[in-house]
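Okay, structure first, notes after.
Every heavy atom of this structure was used, including side-chain atoms; hydrogens, water molecules and symmetry mates were not.
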Amino acid sequence: MKGFRFTKFSSKANIKSPFEKLKDLFMQLLHYTSGDATEALKWTSELDREHKLTDPKYSMADFINDLKVQGYLNEADGKSTITALTEQALRKGALEEIFGKLKKSKLGDHSTKFNGVGDEHSFETRPFAFGDAFDQIDMTASLHNAQIKHGIDHFMLSEADLEVYESSLKAQSSTVLMIDISHSMILYGEDRITPAKKVAMALSELITTRYPNDSLDIIVFGNDAWQVNIKDLPYLQVGPYHTNTVAGLELAMELLRKKRSVNKQIFMITDGKPSCIKQHDGYYMNSFGLDRKIVNKCLNMANACKKLKIPITTFMIADDNYLRKFVREFTEANGGKAFYTSLEGLGDFVFEDFERNRRKRSR
């Protein structure tokens, strides 16, 4: 008797092609080169020479050509650049790497225990009441009521016959993610900016795919603060900046004031104390110790966010006692939370707190 081989579940089905293996390596290197495709290809070639990743059947030239053919790479004037497809692949890869434990579920699956006008109908209906939206009317149930009450010969549809769907009110959440790009994010031989970028890419992919009704704004802050687009994330680099936490919080609050969602929150990823504030037409900077002039400005911003019911969760990726002192003061002023985390655990902490915060609903 002839049997069937289910290749989907066989071990051979999970073996990656030479192109896929090299592409995974290339994608990881792009994180470290801040999206510089030429530099990432150079590193890939060096690793190939050292570890013999290719062979005569499939060479680096074949790999580069496949990247171009499949739309991951552009080349002009002798310079290679990544495409929008590659930027999306980087976000998806970061999501899989950091939030791989997520269970699959339908888009926008974040219902609360409250009922009301929402995005998804439930199977339950109730009598129509003043203020109900007409697009919530269950016409089948309404016509059925009218038929029972008035019969076919004297059919009429009155307000008393109308039934409306009960719907689950969805809790929309607005999140601002602040990323420190001051010079200390690459000091002491430790790359802290790359894990921060990966978290931002993973969080942006999570929200746009799983919670499309939510919003995510991303801010970077050094001497000043400015907003960046999701597509800009692979290219973020640390600059010769001090840490102007106040500027970042001011911009975050400005963005959140414009949002209509009930849940608003700020995530801040940083490794250092605030060391800069704007003053008149210039800056006041102090990199030594905790400057109370700068710290007090930060505490005032934290308290202002608290009054607006905007919790701030600080992810401190450093282990200095005097930095912990600042974070404790800052967290108490806001009523938010703080995590002192290693680079390896950063993604898990951000994911868990994002999920926990977005379930809350102020009334």
Side-chain angles (χ1 to χ4, degrees), residues 34-35 175-194 196-197 200 216-230 232-259 264-308 310-334 336 338:
S34 297
T175 302
V176 173
L177 177 62
M178 294 172 51
I179 302 175
D180 184 351
I181 58 168
S182 63
H183 185 59
S184 61
M185 290 290 277
I186 55 170
L187 279 180
Y188 315 116
E190 188 171 43
D191 176 11
R192 296 164 177 171
I193 188 63
T194 298
K197 287 194 298 184
L216 172 67
D217 293 289
I218 301 170
I219 291 172
V220 294
F221 63 104
N223 292 349
D224 295 288
W226 60 95
Q227 192 175 3
V228 297
N229 294 320
I230 290 174
D232 299 325
L233 289 174
Y235 311 103
L236 290 183
Q237 296 184 42
V238 168
Y241 307 127
H242 285 71
T243 307
N244 192 342
T245 307
V246 170
L249 292 170
E250 287 176 339
L251 181 53
M253 289 178 67
E254 180 183 337
L255 292 170
L256 288 174
R257 282 193 190 100
K258 300 175 183 177
K259 307 295 183 182
K264 298 178 181 181
Q265 59 189 344
I266 297 173
F267 288 168
M268 180 168 64
I269 301 174
T270 181
D271 74 326
K273 64 180 177 8
S275 59
C276 171
I277 53 174
K278 287 183 180 180
Q279 183 172 270
H280 307 302
D281 295 330
Y283 300 94
Y284 174 79
M285 299 177 179
N286 186 355
S287 300
F288 303 98
L290 286 172
D291 188 308
R292 293 311 306 183
K293 181 176 182 178
I294 298 175
V295 168
N296 288 340
K297 284 274 191 179
C298 290
L299 298 180
N300 290 340
M301 292 301 301
N303 188 56
C305 286
K306 181 179 181 179
K307 290 179 179 178
L308 294 174
I310 300 174
I312 303 170
T313 304
T314 305
F315 300 92
M316 177 63 69
I317 47 178
D319 196 29
D320 300 280
N321 288 329
Y322 73 97
L323 293 181
R324 287 174 178 256
K325 179 182 177 182
F326 160 70
V327 173
R328 278 195 297 270
E329 279 190 85
F330 182 83
T331 303
E332 287 175 7
N334 174 255

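- Every pair tested for salt bridge (Lys or Arg N to Asp or Glu O under 4.0 Å) that includes a residue from residues 239-255 fails, sequence neighbours excluded, so the list is empty.
- Listed by chain and number, the residues in a side chain to side chain contact (heavy atoms under 4.5 Å, CB included) with E332 amount to none (sequence neighbours excluded).
- Put simply, the residue from N303, N244, V246 that forms a side chain to side chain contact (heavy atoms under 4.5 Å, CB included) with C298 is V246.
- H242 pairs in a side-chain hydrogen bond (donor to acceptor under 3.5 Å, both in side chains) with only one of the listed residues (S287, S184, S182), which is S287.
- For residues 266-287, every residue pair satisfying the salt bridge (Lys or Arg N to Asp or Glu O under 4.0 Å) rule, not counting sequence neighbours, is listed here: R192-D271, D224-K278.
- Applying the salt bridge (charged side-chain N to carboxylate O under 4.0 Å, His left out) criterion to E329, with sequence neighbours excluded, gives R292.
- Listed by chain and residue number, nothing satisfies the salt bridge (charged side-chain N to carboxylate O under 4.0 Å, His left out) test with R257 (two or more places apart in sequence, or in another chain).
- The salt bridge (charged side-chain N to carboxylate O under 4.0 Å, His left out) search around D217 returns K259, not counting sequence neighbours.
- Not counting sequence neighbours, D180 has no partner by the salt bridge (charged side-chain N to carboxylate O under 4.0 Å, His left out) test.
- Not counting sequence neighbours, the partners of Q279 by the side-chain hydrogen bond (donor to acceptor under 3.5 Å, both in side chains) test are K293.
- Under the side chain to side chain contact (heavy atoms under 4.5 Å, CB included) criterion, T313 pairs with F267, F315, K337, F339, D353, N357, sequence neighbours left out.
- Residues satisfying the side chain to side chain contact (heavy atoms under 4.5 Å, CB included) criterion with A225, sequence neighbours excluded, are I219, F221, A247, L251.
- Take F326 and apply the ring-ring contact (aromatic ring centres under 6.0 Å, His included) test, not counting sequence neighbours, and it matches F330.
- Residues passing the side chain to side chain contact (heavy atoms under 4.5 Å, CB included) test with N229 are K231, D232, sequence neighbours excluded.
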